[in-house]
J.: 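Let me give you the structure first, and then I'll get to my questions.
Here the structure is a predicted model, which is why all the values come from computation and not from measurement.
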Amino acid sequence: MFMMLCSESAQPDDCLFDRFSRTPVAEKDLIRTDEIGRIIRKSDRTAGCAARYPLRKCRTMVTVDEFSEVVSAVYAAAVTPERWDRALVALVNVFGGTGGGIGLAWPSPNRAEMVCNVGVEPSARRTYNQYYGRLDHVVAAVRGGPVGVVRTGTELILPHTDSEFHVDWIRPNDLEDGLFVRLTDGAICHWLGIAAPRRRQPFGDAERVALMRRLVPHLQQAFRTQGALEGLSRRVSDLTAAIEVARHAVVIIGVRRRVLHLNSAAERLLATGDGLSIGASGSISAIVPSVDRRLQGLAACALGDGPSEAPSGGSFVCPRPSGRRAYVVHVVPLPADQGRWDTTCRRALVLIIDPAHVRKLDSTVLRQLYGLTKTEADVAVRVLRCDGLRPVADELEVTLSTVRSHLQHVFDKTDTHRQAELVHLLLQIGIDLDVP
């Protein structure tokens, strides 16, 4: 760990310390701090970037508290990516740099992009991402090198001072030195750069390199954490989208039978209060007391709170005060995470089917599945909906023999032999999705 090796002598009350040069600054001479926390004095206003951003030696200035603050900022950004700018400020700050960037690099075509940056004008980031990222020989070398190895500006920038990237982007932004590291593996990788002006003493001295090496494992773990969280977020989004596609009402319940998640169809259904609703306690309930006892009992069993140790489910019919056809309700236990002792993690699914909203079987699905002609698919769908073949013939305005001929072709293509088998098959493959 980096510790403060020198003690600070007492200073007058009207003096502040420039935390980078460690020289006392009179409060009356302090005009502001820049965007990454460095003190700017009135006397520095005309001295150019070199005076405005005095570089300090990295060594003893980095205390345990300062190191911990940087690490905390990095891990906070892993959980909340919007805070990477703040983490980058802390990183640039602790190294005494004047700017920094975190970005991505692609191998083919050779291209780099800044995801976030501090210490340069927004226009510099814009031109970098639009054009100069393709010319960035520094990031190209970092991407082509080993993961976690700290590279210096002396190694990567100094030999290419005549390049277009250096002349037109690095030099105008006064970022001619720095430290650079590849943080992640893979064809597309993350990189970090801490930049500074070129000075007589190289920015990448042994102390700064050592500090970067100590921070690299934390940065890498932060990116792994962020990647894992983003993967979980995508999985949740995918599952949520899948549930939203279902036309039936889907409700996920947890401990004390409280509703944890429900799709749009469930929101609309429960909002009507026509037989089922969400009570003040946040749990789903039925209006009819006997039906509610049945619902609560099945929910308890599905969550493992019933008489049986193993979770179980069941189904029932829920009448509606409106007089409309009753809901069909299925309560199903969801698989629990293996190896978890916490029973509060148990979940159950409540599927509510409104018979009035069951979508009719689309003949297009049958044509895609079994290669039926349009007429054969129309016959099959009508066989499912009608009583006997005569109504089918009348609806299609064909003879009864024509319907029988088409039906035989449907039997052959669906590997069924009787109308009862065909109806059973059609009911099994019926898809009730809310697809635009």
Side-chain angles (χ1 to χ4, degrees), residues 232-308 310-337 340 342-362 365 384-385 427-436:
L232 289 173
S233 178
R234 285 192 297 271
R235 182 180 177 186
V236 170
S237 297
D238 292 343
L239 292 174
T240 300
I243 293 175
E244 283 297 319
V245 169
R247 289 176 59 84
H248 298 313
V250 178
V251 182
I252 307 297
I253 61 174
V255 63
R256 296 186 180 90
R257 300 180 284 285
R258 288 178 178 169
V259 173
L260 303 177
H261 178 77
L262 67 168
N263 65 355
S264 298
E267 288 181 358
R268 292 190 297 268
L269 185 149
L270 294 171
T272 66
D274 189 14
L276 293 168
S277 63
I278 297 179
S281 63
S283 61
I284 185 171
S285 60
I287 293 176
V288 178
S290 60
V291 177
D292 188 58
R293 287 193 293 271
R294 174 66 172 161
L295 171 60
Q296 303 307 326
L298 288 176
C301 290
L303 293 169
D305 297 330
S308 175
S312 61
S315 305
F316 63 95
V317 173
C318 178
R320 303 163 67 178
S322 65
R324 296 177 181 176
R325 294 184 63 184
Y327 297 129
V328 176
V329 182
H330 304 283
V331 183
V332 183
L334 295 178
D337 293 340
R340 297 197 66 164
D342 187 2
T343 57
T344 62
C345 295
R346 291 175 178 172
R347 304 287 185 263
L349 180 147
V350 180
L351 179 65
I352 309 167
I353 300 173
D354 184 352
H357 292 166
V358 174
R359 178 172 289 184
K360 298 176 181 178
L361 182 62
D362 188 354
V365 175
L384 178 63
R385 300 206 308 253
L427 291 174
Q428 291 291 94
I429 67 171
I431 302 175
D432 197 27
L433 301 180
D434 194 7
V435 181

J.: Thr240 versus His261: any side-chain heavy-atom pair under 4.5 Å?
T.: yes
J.: A side-chain contact here means heavy atoms from C-beta on lying under 4.5 Å apart; do Leu276 and Leu295 qualify?
T.: yes
J.: So, do Val251 and Ile278 sit near enough that their side-chain heavy atoms are less than 4.5 Å apart?
T.: no
J.: Rounded to the nearest 0.5 Å, how far does CG of Leu349 lie from CD1 of Ile243?
T.: 7.5 Å
J.: Are the side chains of Leu351 and Val332 in touch, meaning some heavy atoms are under 4.5 Å apart?
T.: no
J.: So Ser285 and Gln296, side chain to side chain donor-acceptor pair (under 3.5 Å) or not? Walk me through it.
T.: CA-CA 7 Å; Ser285 60; Gln296 303 307 326; 5.4 Å; no
J.: Atom CZ of Arg294 and atom CG of Leu298: how far apart are they, to the nearest 0.5 Å?
T.: 4.0 Å
J.: For Tyr327 and Asp274, work out which heavy atoms get closest and say how close.
T.: CE1-O, 3.1 Å
J.: Between Ala302 and Val331, what is the shortest heavy-atom contact and its length?
T.: CB-CG1, 3.8 Å
J.: Between Ile284 and Leu262, is any pair of side-chain heavy atoms under 4.5 Å apart?
T.: no
J.: Supply the atom-to-atom distance Arg257 CZ to Ser281 OG, rounded to the nearest 0.5 angstrom.
T.: 9.0 Å
J.: Distance from Leu334 atom CG to Ile253 atom CD1, nearest 0.5 Å?
T.: 9.0 Å
J.: So, the side chain of Asp292 versus the backbone of Ala286: is there a donor-acceptor pair under 3.5 Å, distance only?
T.: yes
J.: Can you confirm whether Pro311 sits close enough to Leu303 that some side-chain heavy atom of one is under 4.5 Å from a side-chain heavy atom of the other?
T.: no
J.: Under a 4.0 Å threshold between the charged nitrogen and the carboxylate oxygen, would Arg320 count as salt-bridged to Asp354?
T.: yes
J.: Please give me the minimum heavy-atom distance between Cys318 and Val329, naming the atom from each residue.
T.: CB-CG2, 4.1 Å
J.: Using a 3.5 Å distance criterion without hydrogens, assess whether the side chain of Asn263 forms a donor-acceptor pair with backbone atoms of His248.
T.: yes
J.: Can you see which heavy atom on Gly275 is nearest to which on Pro321, and at what distance?
T.: N-CD, 3.5 Å
J.: Identify the heavy atoms of Ser312 and Pro333 that sit nearest to each other, and give their distance.
T.: C-CD, 3.9 Å
